[in-house]
Structures are given as structure tokens and as C-alpha cells.
Protein chains: 2
Amino acid sequence: MEKKEKQILPCDEGCPVKASLKILGGKWTMMIIFQINDDVMRYGELKRAIPSISEKMLIQELNMLVENKLVTKKAYPEIPPRVEYRLTELGLKTLPIINKLVEFGLENLV
Amino acid sequence: MEKKEKQILPCDEGCPVKASLKILGGKWTMMIIFQINDDVMRYGELKRAIPSISEKMLIQELNMLVENKLVTKKAYPEIPPRVEYRLTELGLKTLPIINKLVEFGLENLV
DNA sequence: TAGGGTACCTACTTAATGGTTAGAATTATT
DNA sequence: AATAATTCTAACCATTAAGTAGGTACCCTA
């Protein structure tokens, strides 16, 4: 009689959840993506849209999102400065995640 | 001529993204939910399934998930002890989020 | 000339997270 | 009699993430 052992496939480096969270797991990351959505957003608009975020965190996250190619940044050579952020193709592909998050929040928490 | 101003609805306390992330935003939370899925999982199985998590974090997260009613815990009065975790109704409702996360990871990152 | 608006950056401090080690409890096995 | 197995706690320290406060730059308006 053999011991029946449950099959477990260890989920480490290649784990898709882990990989996604590495980019999206920051405290503010998904909130920012949610706010930009399929629109254009200026820095100041984002700041007003997420009042509880600090300026440091906002730019830090935006820089990180640009680095990870989820967001594009377009700065106009004007005074006062104007900078626009929008989601890339890749960034847009994260919206289904955010939408599910919104759905869950609306139906169960808020 | 009026200045056309963009309409912004500040997303603070009642924001569904924020509310969801408050419960699900931990570094390991979604990984654990992903592993339990619609199955039963013992503590040791989870540990093996997520090799990079420390015991402390695993228990800490599991306790938090039980507190937040996403997971139920059933301990059998045996020696050696046996404890089973599974998702609650509410926990099961987070699976669509995790699935989207998996999808995104598989298609774009891994 | 003082202040406002916009988009940052930098340094410092605090809070959150994570790792390590040790140990408890109880029985079967060696 | 010592060891292994399993689930968990507690204490301590290290690392990382996040918050706070200040400063820069430029032009316009008052």
C-alpha cells in the first residue's frame, strides 16, 4: 500500500503571480494605473485624483511604471511645465486585473 | 471663453481599489490564495508550494486571511497536528482577480 | 518684488516587512 | 533515550518601503 501524496508544483521563480506582483505589487501602483486608465493624465491631475499619496511616492511610482514600460511619459517644453502620462499597450493589458479588483471591492467591501 | 477643466473624482477612502488592496495587497497574500485555490491545503503543503516564503510570513499571512474571512482554518486534534486551510465564499470571489494576474503574467512576463 | 503655478529631486526619519533562531507540544519510530 | 514529524509562537535584528519636509526651476501676474 503506497502513501497517497498530494501533487504539489512549487511556485517560485517562474510563478506568474509572483512575476505580476513584482511590477504591480506596490502600495500605489494599481491605484495609479486605475486612475490613468485608458485616458491621458497630467501629474497634477493624478495628484488630485489620489489625495492621500505623497508627491515623492507618486513620481517614484510613475518613474518605475515608465521603466517597466507600463506607462509613457510626455513632457512639453512649456512654462509652467506640462507632463502627460498614459498607459502603454502593455499597461492597458493590466486593466482587466484592476477591473476585477474594483468589482470585488464594490461588491464585498465598500 | 471658459477654461475647460477635466473632471476628476478623487479616489480616497471609498475607493474600491484601495479597499481591495487593503486585504489583498500583502506581498504574499495573493500567492497564498492562488495556491489554495478551490482546494484544501495543509500548512506544510503550502510551505512546499511557496518555497521562498518563510514560516513566519506564511503563518502571519494565514492568520490575517482567517481574520479577514477569506480563509477558514480547521485543526484536527491529532498528533502530529494537522491543519487544513481552504477559501471561504468570500475568498473564492477573489479568484477572478488572481486568475487575471496569472493570465497577465503568463502572457507578458514569464 | 513677492507670490503662484507646475513638475520634480534630495535628505532624513519612521513604519512595515522579512529573516533567524529558539522552543513548545505530543506520539511513533529507531 | 534520542530523534523525527507537524504546526505554530516569540524574541530579536536587518532590510525595505513609505512618509515628511525642504529645495529647484521657470515664467507669469499682481
Side-chain angles (χ1 to χ4, degrees), chain A residues 1 3-6 8 12-13 15 17-18 21-32 35-36 40-68 71-86, chain B residues 1 3-6 8 12-13 15 17-18 21-32 35-36 40-68 71-86:
Chain A
M1 205 57 142
K3 230 181 206 167
K4 46 183 172 183
E5 270 190 44
K6 189 168 179 180
I8 296 177
D12 209 6
E13 290 319 310
C15 176
V17 179
K18 199 170 187 179
L21 288 179
K22 195 167 182 183
I23 297 183
L24 301 171
K27 181 172 173 181
W28 302 101
T29 317
M30 302 216 226
M31 289 259 304
I32 294 172
Q35 287 294 337
I36 302 180
V40 198
M41 279 259 166
R42 294 185 58 177
Y43 169 80
E45 288 174 334
L46 282 170
K47 217 176 65 168
R48 278 189 301 271
I50 314 174
S52 49
I53 197 175
S54 69
E55 296 197 349
K56 174 193 154 186
M57 276 300 113
L58 183 51
I59 44 176
Q60 194 170 296
E61 285 287 298
L62 284 170
N63 288 338
M64 171 267 187
L65 284 168
V66 170
E67 259 184 32
N68 285 327
V71 165
T72 55
K73 170 179 179 173
K74 181 169 186 185
Y76 296 84
E78 303 175 1
I79 296 294
R82 181 158 63 102
V83 182
E84 287 179 352
Y85 295 93
R86 74 182 72 203
Chain B
M1 205 57 139
K3 231 181 203 169
K4 45 182 173 183
E5 268 190 46
K6 189 167 177 179
I8 296 178
D12 210 4
E13 290 318 312
C15 175
V17 178
K18 200 171 187 177
L21 288 180
K22 196 168 181 184
I23 297 182
L24 301 172
K27 180 171 174 185
W28 303 99
T29 316
M30 302 215 225
M31 289 260 303
I32 294 173
Q35 287 293 338
I36 302 181
V40 198
M41 278 259 165
R42 294 185 59 178
Y43 168 80
E45 288 174 335
L46 282 170
K47 216 175 65 167
R48 264 168 285 143
I50 315 173
S52 49
I53 198 174
S54 69
E55 296 198 350
K56 175 189 157 187
M57 278 300 113
L58 182 51
I59 298 176
Q60 197 170 293
E61 283 288 298
L62 284 169
N63 288 339
M64 170 269 186
L65 284 167
V66 169
E67 259 186 33
N68 285 327
V71 164
T72 55
K73 169 180 180 172
K74 182 168 185 186
Y76 295 84
E78 302 174 0
I79 296 296
R82 180 158 63 103
V83 183
E84 287 180 351
Y85 295 93
R86 73 183 73 204

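Chain letters run A, B, ... following the sequence lines, proteins first and then strands; every chain starts at 1.
Phosphate contact (OP1/OP2 of C:dA7, side-chain N/O of A:Arg42, threshold under 4.0 Å): present. Contact annotation: B:Ser54 side-chain N/O to C:dG19 OP1/OP2 distance is under 4.0 Å. At the phosphate of D:dG19, OP1 or OP2 sits under 4.0 Å from a side-chain N or O atom of A:Trp28.
The interatomic distance linking A:Leu62 (CG) with C:dT6 (P) rounds to 16 Å, in whole Å. Regarding B:Tyr85, its OH atom lies at a distance of 15 Å from the P atom of D:dT6, rounded to whole Å. Atom CE of A:Met57 and atom C1' of C:dT10 are 13 Å apart (whole Å). The CD atom of B:Glu45 sits 13 Å away from the P atom of D:dC8 (whole-angstrom rounding). Computed from coordinates, the B:Lys47 NZ to D:dT7 P distance equals 8 Å when rounded to whole Å. Protein atom OH of B:Tyr43 is 11 Å distant from nucleotide atom C1' of D:dT9, rounded to whole Å. D:dT20 atom C1' lies 13 Å from atom CD1 of A:Ile59, rounded to whole Å. Look at CD on B:Glu84: it is 17 Å from C1' on D:dC8, rounded to the nearest Å.
Here the rule is side chain to side chain contact (heavy atoms under 4.5 Å, CB included) with B:Tyr85, and of B:Leu65, B:Ile32, B:Leu62 only B:Leu62 fits it.
Nearest nucleotide to the A:Val83 side chain, out of C:dA7, D:dT7, C:dG18: C:dA7. Closest to the side chain of A:Glu55, out of C:dC9, C:dG18, D:dT7, is C:dC9. Here the nucleotide nearest the side chain of B:Lys56, chosen from D:dC12, C:dC8, C:dT6, is D:dC12.
The closest side-chain heavy-atom distance from A:Val83 to A:Lys73 is below 4.5 Å. In this structure, the side chains of A:Glu67 and A:Met64 stay at 4.5 Å or more apart for every pair of heavy atoms.
A:Lys73 comes within 4.0 angstrom of the backbone, heavy atoms only, and of no base. No contact: A:Tyr76 has no heavy atom under 4.0 Å from any strand. At a threshold of 4.0 angstrom between heavy atoms, the contacts of B:Glu78 with the nucleic acid are absent.
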Requested in this report: Apply side-chain contact (heavy atoms from CB on, under 4.5 Å) to A:Thr29 and A:Ile23, showing your working.
Outcome: CA-CA 8 Å; A:Thr29 317; A:Ile23 297 183; 5.7 Å; no
Query raised in the report: Given the rule in the side-chain contact (heavy atoms from CB on, under 4.5 Å) test, do B:Ile59 and B:Asn63 qualify, once you have shown the distances and angles that lead to the verdict?
Result: CA-CA 6 Å; B:Ile59 298 176; B:Asn63 288 339; 3.6 Å; yes
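Taking for each of A:Ile79 and A:Gly25 the nucleotide of DNA chain D with the nearest heavy atom, the 5'-most of the two is the partner of A:Gly25.
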